[in-house]
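Heavy atoms only: backbone and side chains are in, while hydrogens, waters and symmetry mates are out. This one's a predicted model, so the numbers in the text were calculated from it and none came from an experiment.
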Amino acid sequence: MHWRIYKCIDDGRQLWGAGDKEGCANLYLECAEQVLSEIGPDAAGAEILKIGIGKAKAKTKPRAAVVLRKAFDEFLKAVSEGLAAAAED
C-alpha cells in the first residue's frame, strides 16, 4: 500500500512541476479513494484519508492537491507508527 502512495506522490509532484495542478489533484484523489476502498473505512489511517478526501472535494484543484498530499503524509506517518508499535507488542 505504501509503495502505491509513494509512487502517486512522485507522479503528482511531476505533474505539479509541469504546471498540471488539476492533473495532480485528480491523481491524488483517485489514489486516496482507491487506498481507502482497499483498506476499508475502519482500518488504521482510514479516517485521515476520509477527512482529506472530504476537504479536497470542497476545494479548488490546486488546494485539493495540497490537502491530499498532506493527508498522504499524515497517513503514511500514522500507519508506519502504528505498525512499529504493533511490532513492539
Would you call V35 and C31 a side-chain contact if the rule is heavy atoms closer than 4.5 Å?
-> yes
In terms of side-chain geometry, is the basic nitrogen of K77 or E74 positioned less than 4.0 Å from the acidic oxygen of its partner?
-> no
Gap separating the CG atom of L68 from the CD atom of E33, nearest 0.5 angstrom = 8.5 Å
Given W16 and V66, is the side chain to side chain contact (heavy atoms under 4.5 Å, CB included) satisfied, shown in steps?
-> CA-CA 10 Å; W16 185 276; V66 172; 4.0 Å; yes
Tell me whether I9 is reachable from L29 by hopping between hydrophobic residues (I, L, V, M, F, W, Y) whose side-chain heavy atoms are closer than 4.5 Å.
-> yes
Are the charged groups of D73 and K70 less than 4.0 angstrom apart, N to O?
-> no
Under the side chain to side chain contact (heavy atoms under 4.5 Å, CB included) rule, what do L49 and E47 come out as? Steps first, then yes or no, please.
-> CA-CA 5 Å; L49 292 178; E47 192 63 26; over 6 Å; no
Do K50 side-chain atoms and P41 backbone N/O form a donor-acceptor pair below 3.5 Å?
-> yes
Flag side-chain contact, heavy atom, 4.5 Å: L36 against E38 | no
Looking only at heavy atoms, what is the nearest atom pair of A65 and C24, with distance?
-> CB-SG, 3.9 Å
Would you please test V79 and H2 for side chain to side chain contact (heavy atoms under 4.5 Å, CB included) and show each step?
-> CA-CA 9 Å; V79 172; H2 284 65; 3.5 Å; yes
Heavy-atom closest contact (A46 atom, F75 atom, distance) = N-CE1, 4.4 Å
Does one hydrophobic cluster hold both I53 and I39, with members joined at side-chain heavy-atom distances below 4.5 Å?
-> yes
Calculate, to the nearest 0.5 Å, the distance between atoms CZ and CG belonging to R4 and D11 respectively.
-> 12.5 Å
Remaining members of V67's ILVMFWY cluster at a side-chain heavy-atom cut-off under 4.5 Å?
-> none
Identify whether L15 and I5 are in the same connected component of the hydrophobic contact network (ILVMFWY, side-chain heavy atoms under 4.5 Å).
-> no
Verify the cluster assignment for I51 and Y28: are they in a single hydrophobic cluster under the rule of side-chain heavy atoms below 4.5 Å apart?
-> no
So, does D10 use its side chain to make a donor-acceptor pair with the main chain of Y6 at under 3.5 Å?
-> no
